[in-house]
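One structure is given below, encoded as structure tokens.
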Amino acid sequence: MRDFPLNNVSPFATMPDGQAHGAIHIAPVRTGFVFHVLGQATGTIDQTRQQQLQKMMDAIAPDLGGELRVLSPGQWFWVGENDVSQGRFGEIAGQLPGEFALSDQTHGRVRLRVTGARVCDVLAKGVMIDLDEGIFGVGQSAMTQIGHIGAMVTRLDRDSFEITVLRSFADSLWHELHHMAAEFNGPHS
Amino acid sequence: MTSFRIDGGTLIDRDDVREFTFNGERLRGFGGDTVASALLANGRQLVGRSFKYHRPRGILTAGAAEPNALLTIGRDGRRDPNTRATMAELFDGLEARSQNCWPNVDFDIGAMNGLLGPLLGAGFYYKTFMWPAAFWEKVYEPLIRKAAGLGRASYDPDPGSYEKCWAHCDVLVIGAGPAGLAAALTAGRAGARVIIADEGAQLGGGMLAEGGMIGNKPADAVLADMVGELHALPNVEVKKRTTVFGAYDDQVFAAVEQVQKHLSDAAINPDRAMERLWRIVAKQVILATGAEERPIVFGGNDRPGVMTAGAMRTYLNAFGVAPGKQVALFANNNQAYQTAMDLEARGIEVAAIIDPRKCPDIDYGGKARLIAGAMVRDTAGRKAIKSIAVRHDDGRDEMIAVDALAVSGGYSPIVHLACHRGARPVWSDEHVGFMPPENCDGMVPAGAVAGKAGIASCFVAGATAAVSVLNALGLNAAPAGLPDTQTADDIAQGTVAIWSVPSSKGKAFVDYQNDVTAGDINLAMREGYDHVELAKRYTTNGMATDQGKTSNVNAIGILAQNKGVSPGAIGTTTFRPFYTPVSFGALVGASKGFEFQPVRKSPLHGWAERNGAKFVETGLWYRSSWFPKDGETFWRDSVDREVMNVRENVGICDVSTLGKIEIFGADAAEFLNRVYCNAFLKLPVGKARYGIMLREDGLVYDDGTTSCLAENHYFMTTTTALAAGVLTHLEFCAQVLWPDLDVRLASATDQWAQMAIAGPRARDVLAKIIDDDISNDAFPFLAARDVSMFGGRLTGRLFRISFSGELAYEIAVPAGYGESVADAIMVAGKEFDIAPYGTEALGVMRIEKGHVTHAEINGTVTPADLGMGRMVSAKKDDFIGRVMNMREGLVDPMRPALVGIKPKSLADKFATGSHILKIGDEVSLANDQGYVTSMCYSPNLGHAIGLALVKGGPERYGEEVVIWNGLAGTSITGILCNPAFVDPENEKLHA
Amino acid sequence: MSSLVKCPHCGLRPREEFTIRGEVPTPRPAAGADESVWFDHVYLRDNPRGQHREYWHHSGGCRRWLVLDRNTVTHETGDVVDASTLKSEGRA
Amino acid sequence: MRYSALSLLGNTFSKNKNWKPAWRNPDPKPRYDVIIIGGGGHGLATAYYLSKVFGVRNVAVLEKGYLGSGNIGRNTTIIRSNYLLEGNNPFYEFSMKLWEGLEQDFNFNAMVSQRGVINLYHSDAQRDAYTRRGNAMRLHGVDADLLDRDQVREKLPFLDYDNARFPIMGGLMQARGGTVRHDAVAWGFARGADQNGVDIIQNCEVTAIDRDGDQITGVQTTRGAIKCGKLAMAVAGSSSHVARMVDMHLPIESHALQAFVSEGLKPFIDTVVTFGAGHFYVSQSDKGGLVFGGDIEGYNSYAQRGNLACVEHVAEAGMAMIPALSRVRILRSWGGIMDMSMDGSPIMDRTHLSNLYFNGGWCYGGFKATPASGYCFAHLLATGTPHETATAFRMDRFARGYLLDEKGVGAQANLH
Ligand SMILES: Cc1cc2nc3c(=O)[nH]c(=O)nc-3n(C[C@H](O)[C@H](O)[C@H](O)COP(=O)(O)OP(=O)(O)OC[C@H]3O[C@@H](n4cnc5c(N)ncnc54)[C@H](O)[C@@H]3O)c2cc1C
Ligand SMILES: NC(=O)c1ccc[n+]([C@@H]2O[C@H](COP(=O)([O-])OP(=O)(O)OC[C@H]3O[C@@H](n4cnc5c(N)ncnc54)[C@H](O)[C@@H]3O)[C@@H](O)[C@H]2O)c1
Ligand SMILES: Cc1cc2nc3c(=O)[nH]c(=O)nc-3n(C[C@H](O)[C@H](O)[C@H](O)COP(=O)(O)O)c2cc1C
Ligand SMILES: [Zn+2]
């Protein structure tokens, strides 16, 4: 059984890569990693601590090129585009200073992207936070709810968002997003 | 029938002819018409029948307050009962029907009720229909119910889709009349994020009915300019056909937008919503909702052809519809005279103006005869008004022939939204109406809602209101430069209240829709229901679909008059959401049908599907419950086979849905020791332990295993049902109770695909894919650690734990690899006859083994009740639930405790939920000994077995009892026994 | 503030994202405290008409337990703090 | 004046001019043998049975607002006796029996309508729980039937059987359950009590309670001080607030619950239906409105209103059960304040003060209890001992661990 083929199956395995609703595109992200970084909670979100952590990460794993997304005081998702093996994860977890614990969530939290000129109108059908660019700028993340489903929303660009969701909800969210985007079907949107 | 369409009509497009049917008859209207204006244009004054007396009714208003003209529009799944004809836009092919009449609206048998009028006064049903008692449900009530209700709702599914959105703004402007438009322009020009919402199909509010000039420009041109500019401002969002229907905490406003309901079937885009719910979060709010014109309460005031003066003006100017050929006006205020002027300007004869004021302070330059100090006391005509009876101030009566009557009893500011959160409107003698509450619940009122009238003063009021909210937002602003108009004036100018015409002949309606008359209100007072809220409930005034928009203030006035106090001393009834009724569809949005709640899928879902699983909903999860094979037609066939296969060979089961929590931190062990009732401090690395978690009240919350993977790193599993609850509970403990402990929690439920491999050959199977030594010595019962798999290509977490009671392991692998690993196990296990098993088989095996689940852990049991009293640590000085667990009632020896139960005659069956009685005892609740919590057919034992919570518990092993199922009408003899039916010595577990 | 809560970590969020536990009772008694003290802590509530301190969990966001000072009549909210900060003040 | 078809006819001829007030509007007397605080269903029923069954007639009911302004006037009117626990079921069945003869008893048509209550189930576990419940009812002689899917479909063909997220598997039915016209219950009891000499005093808020040692001597009200022999609290959502006047802390939290009514419709739903896969229950009123509700808001509140999130949840659950509701429009929503006890069951007992009696903790289920609560509370007040069906509602059950937790969710009020 040593050679038994092992496939890493994405919950989006059967989903098309860039499904379009007029100008709205919904695309799964099937590679990369999501690590949950757990520091001791302090009761407030601390920017300097995050910068220090980012520096440490860059030093420990420069190859990963990941970024931090705030989850709560002392906790982040460390997200990047490269695939990371279990072994490599173990090394990184070992190298991180003792004050931080690391939990691999690459399989538990999956990502997709929604892009297009009317993307905010699409997301406003599920997300309560104000997506006005002046308020929720590029690079910002928020753990929130899309309809009934919890998800992290990250602004990648003016018209582009990444959504990180628990794997078990991925299928439902995928369909929900398509439903939300359906009105932009057609050439004019 | 003759057409009443005349020239003009700013809202209609005469090139856009639309056909529709009314009670089956084909009629025509224009684009821009409402159903009401189209009906009036076609000379249809009679449109429906009233609720109780089935009186002929026409169209009273031109807006949201309409009490009479409720029609059923559409058919099948697109049927909307109780639709206000005044708000429904006409589309091509629209089908409208009258309601509450049989056989038809012209000849309605129900009108007989009118003869019984006096008998059917307010609250009559409370006083009779009591004898004989059984007749209520059999005879009286069905009759009442048949008669009650208005439209008939469809049972057909609604083909339309719906959605809900959030919106954010600096300034929300509610209402787009002159005040709202001026406010939105001012705020928009200042750069604020503005949302302006209006329920109408077109912005403009009162301006739409304005036929004349504003300054030196036609009113419609002024309006077009303003609307054009608003649309052009990128920071202003204009929402037409959008009713703000509720004001909630923290400036959250609920609004519903008619996206496609006004379109013909052919024009509907199925990818778009029919209606859209908006949840608007606003920093500042301007209330520019206008004022409602009140009818006057006089005899026969409900005759078709009677209409509010403002509505008449709207039909005339905006829709080009003449209300009649010979019209009278009955009004107690100056504002309403405008209707007479406009009628005359369009060449319609105004037969008379009846004004109850002795010397109205108005300079009416028209031709109409002005009868001052007089009142209309009655009307005549069968299905439409033919004449009015006027009582002069000298007591003389005069009949005047008319075919329409405009009435105006003053104006009621539309204060609803300012009162949804409990604020009360304030009576104003000056305005003869209830004004917005003192601080207006954080909104700034502007325009008619604040007592202003005239376009000029509303412009100014709107702009000024906007400046004040902009300043509050820290924005510098100047009032928008707006067209000049006439001087400002007051909406209530010269209004003299008349709450009901004392000399009324016949029924004088206060609430048209619920058929409440002035007499009913007087009766309620006489009988002691004199508080405004009691009067409302006793008479049902204001409780119809219009919520008393046109009637409440008149009812209050009548109460006040009779008591000799000011209406302010009576007060209003409570304003509640929804301002106008809102469909379920809009409030539900996309969360309907199968999409009611999201589905959670296990990472092994695809694998289970490929293996033919039947799924079952467990909370949000879909779990594989059994795996039928060819030839198996009945679920039990599969389940029995799966169970036997595990007990004899080996099986694989998806347990990924169990909650999994990673626990890190220097104090993790101490933390676990405090949240579990049993000891956890000394759990060594590489070991798992079964734990019981109590609530602080000492009862069992959840159970599961926790493993020590490394120093300061633990892995907890919870039941599927309480996965979220346990995490939340642990977070509470960590953050609130003991923030000084270093413990960090991460949910890992979705990260891992987890499978149970159970059965005597479980080790043989796993050894084929796991590189490490998993012999009994190397990996004994309760061992737990990372293992290398597939020649080092994968690392998994292996746990030697068993729910089935067999030699068993649970292996967790990163979710994406779950399917491959499960496939590999199936291949590896082929030679051992491995078969997948589902939650049903799992359930059978755990009952056979006497293991508990939430069927037993039902929130009312202690560990001792479950036979696990010894697990409760006596040594630990503190853990959640320790003290309350020792209360007298929780250690009572007669508490129900866990036992096994089986039928005495092995062929007998029994059901979960059956109760236990002592043999020979009378069947009564007092004799209840307990109940069956779980049962199954045990293929190993060949008969039904169960678990039960029975008073006295294990003391009673061996006792014969009655297993009583009154619902099924069965009662069998059972025997109480040890719940471990299979392998009570745990030999298999340790093999 | 019963429609929206200003989470000190996440900003303004809808009530749907929160799990509410109810009143902040008397502090959790010491392990050796009397049964009656425990009874008080577990079962008795002030339940005032007016200012009220209560636990809300931002379960759909940062997953922190918060303590809200909220008025039970007007629903207006004063302070919202991370619950862990109360313990150090001896208030939890 | 007795109400009957005859009196109705007679008054019709006199143009309804001769109807007498349904109750007097007296000024408070200086002293009463028993003062009941709270003119809701329970307070009024207590006064009615005290005066009628136990012969105690020098009684006042003090109501801070108008008669029936509390929960009695704002609930979804469902009555049933489908309780699980031995401490609860006989009491609710006693109440059901009282409902069954109530209108003739107090000569007021409260439209007691035993149209049946069906609780749907969607899983084996729910079916098992209902089997246990139904059998507990049957043990006590209460009617209960477990319906399978087809039987439910026959009675309620318009539920979602085809595309439901949580398919309907069946239901537990109590045919004797149903609805009662809420306001009429308050009015009927008030009129009945008034005719027995009870003073019903509206707009009279109790602001303080006077005591002498462990004795209550009287109350201070917005209409002056009034002395009393015994004092009885039946203030539902205001329990903690009033109890605080005598330094009593209660295992109770106050929570808001919203209810709703749709536009009037021709007959649409014949029975009361509750949805097992979400909080939703619905019936149709005699006037034609669908009356329905859901779960409490979750936060403590004394404001009789709720928020939009709950409105949406209720609508979602409703439509999941009945897809045809999509185009039915909701007319009005309102709220009431629930006295949520820490085990979800009521408290009816003496207190630490010798002549103070407490009745509360009814959560969102106290309407159906109204007659029995009045009867049993009157029994307790008159005899000093609990009625045989209300012995489990003791105040000390929490401290002693004899909980009446039908749901099994423990000491968190908002979960009950
Ligand atoms: C929306 C909703 C739906 C419900 N649905 C159901 C249902 O379907 N079935 C069911 O069985 N139950 C239901 N209930 C619960 C039921 O209505 C209540 O449990 C029950 O009415 C409470 O008893 P009561 O009638 O005596 O209370 P209330 O009518 O609330 O009476 C208490 C009275 O005390 C008065 N009061 C308070 N403080 C003072 C004071 N200081 N001085 C003087 N007077 C005071 C109040 O003004 C009030 O009138 C529902 C409740 C609500 C709000
Ligand atoms: N009712 C009358 O007949 C009457 C009486 C006096 C004056 N007027 C005239 O009306 C104008 C008053 O100006 P104004 O701007 O104050 O009021 P308005 O009546 O012109 O505008 C109010 C607008 O708000 C809308 N609205 C009300 N409640 C709403 C809600 N909940 N959601 C969405 N939209 C809602 C209405 O449909 C209307 O379009 C003046 O021109 C005045 O002369 C009319
Ligand atoms: C069973 C029941 C049916 C109701 N039906 C109606 C109705 O048909 N129309 C209506 O306007 N209100 C109806 N209501 C709501 C009342 O108008 C009112 O909102 C409720 O009694 C609460 O009082 P409040 O809003 O004055 O606080 C109903 C209330 C109940 C309890
Ligand atoms: Zn947060």
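We use all heavy atoms of the structure for the numbers below, so side chains are in, but hydrogens, waters and symmetry mates are not. Sequence lines set the chain letters: A, B, ... in the order given, protein chains first and strands last, and positions in each chain run from 1.
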Subject >> Rounded distance [0.5 Å steps], CG in D:Leu139 versus CH2 in B:Trp964 >> reply: 4.5 Å
Subject >> Working for side-chain contact (heavy atoms from CB on, under 4.5 Å), residues B:Lys164 and D:Glu312 >> reply: CA-CA 10 Å; B:Lys164 310 199 255 198; D:Glu312 292 176 44; 2.9 Å; yes
Original post:
Measuring heavy-atom distances to chain B, does D:Gln284 have an atom under 4.5 Å in its side chain, in its backbone, in both, or in neither?
Top reply: both
Original post:
At their closest point, which heavy atom of D:Leu331 faces which heavy atom of B:Pro581, and how far apart are they?
Top reply: CD1-CG, 3.9 Å
Subject >> Heavy-atom donor-acceptor pair, D:Asp286 side chain to B:Glu141 backbone, under 3.5 Å >> reply: no
Subject >> Check: D:Leu265 and B:Asn82 side chains under 4.5 Å, non-hydrogen atoms >> reply: yes
Original post:
So B:Thr83 and D:Arg329, side chain to side chain donor-acceptor pair (under 3.5 Å) or not? Walk me through it.
Top reply: CA-CA 10 Å; B:Thr83 302; D:Arg329 283 182 290 242; 3.2 Å; yes
Subject >> Lys NZ or Arg CZ of D:Arg165 over B:Phe596 ring: under 6.0 Å, within 45° >> reply: no
**OP:** Considering only heavy atoms and a distance below 4.5 Å, find which of B:Gly74, B:Gly77, B:Ala855 pairs most often with chain D.
**Re:** B:Gly77
Original post:
So B:Thr574 and D:Arg332, side-chain contact (heavy atoms from CB on, under 4.5 Å) or not? Walk me through it.
Top reply: CA-CA 11 Å; B:Thr574 305; D:Arg332 186 175 171 99; 4.2 Å; yes
Original post:
For D:Gln202 and B:Leu534, which heavy atoms make the closest approach, and how far apart are they?
Top reply: OE1-CD1, 3.9 Å
Subject >> Nearest atoms (heavy-atom pairs only) where B:Arg279 meets D:Leu308 >> reply: CG-CD2, 3.5 Å
Original post:
When only pairs under 4.5 Å are counted, which of D:Met111, D:Met321, D:Gln104, D:Lys20 shares the most heavy-atom pairs with chain B?
Top reply: D:Met111
Original post:
Of all heavy-atom pairs between D:Val328 and B:Ala153, which one has the smallest distance, and what is that distance?
Top reply: CG2-CB, 4.0 Å
**OP:** Without swapping roles, check the side chain of D:Arg327 against the backbone of B:Gly585 for a donor-acceptor pair under 3.5 Å.
**Re:** no
Original post:
Roughly how far, to the nearest 0.5 Å, is NZ of D:Lys17 from CG of B:Leu523?
Top reply: 9.0 Å
**OP:** State which residue, out of D:Lys287, D:Lys266, D:Arg115, fulfils the side-chain contact (heavy atoms from CB on, under 4.5 Å) condition with B:Arg145.
**Re:** D:Arg115
**OP:** Determine the minimum heavy-atom distance between D:Thr131 and B:Thr912, stating which atoms define it.
**Re:** CG2-O, 3.3 Å
**OP:** Could you tell me whether B:Leu143 atom CG has more than 12 heavy atoms of other residues or ligands within 6.0 Å of it?
**Re:** yes
Original post:
chain B: which of D:Ser113, D:Ser262, D:Gly68, D:Ala5 shares the most heavy-atom pairs with it under 4.5 Å?
Top reply: D:Ser113
**OP:** Specify the closest pair of heavy atoms between D:Ser333 and B:Phe578, including all atoms of both residues, with the distance to one decimal.
**Re:** OG-CE2, 3.8 Å
**OP:** Identify which part of D:Arg2 has an atom lying under 4.5 Å from any heavy atom of chain B, answering side chain, backbone, both or neither.
**Re:** side chain
Original post:
Do any N or O atoms from the side chain of D:Asn135 and from the backbone of B:Leu967 form a donor-acceptor pair under 3.5 angstrom?
Top reply: yes
Original post:
Relative to chain D, which of B:Arg421, B:Lys146, B:Glu696 shows the most heavy atom pairs under 4.5 Å?
Top reply: B:Arg421
Subject >> Under 3.5 Å donor-acceptor, B:Glu137 side chain and D:Gln114 backbone >> reply: yes
Subject >> Contacting moiety of D:Asn16, where chain B heavy atoms sit under 4.5 Å >> reply: both
Original post:
Which bit of D:Ser285 is near chain B, if near means a heavy-atom gap under 4.5 Å: side chain, backbone, both or neither?
Top reply: backbone
Subject >> Worked verdict on D:Asp124 versus B:Val616 for side-chain contact (heavy atoms from CB on, under 4.5 Å) >> reply: CA-CA 10 Å; D:Asp124 289 353; B:Val616 64; over 6 Å; no
Subject >> Leading residue by heavy atom contact count with chain D [cutoff under 4.5 Å; candidates B:Val923, B:Thr860, B:Thr540, B:Asp80] >> reply: B:Asp80
**OP:** Examine whether an atom of D:Pro267 lies under 4.5 Å from a heavy atom of chain B, and if so say whether it belongs to the side chain, the backbone or both; otherwise answer neither.
**Re:** both
Subject >> Check: B:Tyr125 main-chain N/O paired with D:Asn109 side-chain donor or acceptor under 3.5 Å >> reply: yes
Original post:
Which distance, rounded to the nearest 0.5 Å, do you find between the CZ of D:Arg397 and the CD of B:Glu888?
Top reply: 14.5 Å
Subject >> Rounded distance [0.5 Å steps], CG in D:Leu325 versus OG in B:Ser154 >> reply: 11.0 Å
Original post:
Side chain, backbone, both or neither: which part of D:Arg127 has a non-hydrogen atom closer than 4.5 Å to chain B?
Top reply: neither
Original post:
Looking at D:Asn89, D:Val314, D:Leu403, D:Asn107, which makes the most heavy-atom pairs under 4.5 Å with chain B?
Top reply: D:Asn107
Original post:
Side chain of B:Tyr155, backbone of D:Phe268: donor and acceptor closer than 3.5 Å?
Top reply: yes
**OP:** Could you have a look at B:Asn885, B:Asn858, B:Leu699 and say which one has the most heavy-atom pairs with chain D under 4.5 angstrom?
**Re:** B:Asn858
Original post:
What option among D:Gln304, D:His313, D:Met319, D:His140 has the most heavy-atom pairs under 4.5 Å with chain B?
Top reply: D:Met319
Original post:
Contact part of D:Ser123 toward chain B, heavy-atom cut-off under 4.5 Å: side chain, backbone, both or neither?
Top reply: neither
**OP:** Verify whether one side chain among D:Asp183 and B:Tyr126 offers a donor that lies under 3.5 Å from an acceptor in the other.
**Re:** no
Subject >> Straight-line distance of D:Ile330 CD1 to B:Thr580 OG1, nearest 0.5 Å >> reply: 12.5 Å
**OP:** Starting at CG of D:Leu102, measure out to CE of B:Met130 and round the result to the nearest 0.5 Å.
**Re:** 10.5 Å
**OP:** Answer yes or no: is there an ion pair linking B:Asp249 with D:Arg305, defined by an N-O contact shorter than 4.0 Å?
**Re:** yes
**OP:** Determine the option with the most heavy-atom pairs under 4.5 angstrom with chain B, choosing from D:Trp23, D:Trp19, D:Phe13.
**Re:** D:Trp19
Original post:
Counting heavy-atom pairs under 4.5 Å to chain D, which of B:Phe129, B:Tyr538, B:Trp131, B:Tyr248 comes out on top?
Top reply: B:Tyr248
Subject >> Side chain / backbone / both / neither for D:Ala110 at chain B, heavy atoms under 4.5 Å >> reply: neither
Subject >> Under 4.5 Å from a heavy atom of chain B, the part of D:Ala303 involved >> reply: neither
**OP:** Check whether B:Asp697 gets within reach of chain D through its side chain, its backbone, both or neither, counting any heavy atom under 4.5 Å.
**Re:** side chain
Original post:
Backbone N or O of B:Ala133 within a donor-acceptor pair of the D:Glu103 side chain at under 3.5 Å?
Top reply: no
Subject >> Worked verdict on D:Gln258 versus B:Arg576 for side-chain contact (heavy atoms from CB on, under 4.5 Å) >> reply: CA-CA 11 Å; D:Gln258 294 190 76; B:Arg576 294 280 189 187; over 6 Å; no
**OP:** Could you check which of D:Trp187, D:Phe166, D:Phe398, D:Phe260 has the highest count of heavy-atom pairs closer than 4.5 Å to chain B?
**Re:** D:Trp187
Subject >> Heavy-atom side-chain proximity of B:His915 to D:Arg132 below 4.5 angstrom >> reply: yes
Subject >> Largest heavy-atom contact set with chain D, pairs under 4.5 Å, which of B:Ala968, B:Gly528, B:Gly966 >> reply: B:Gly966
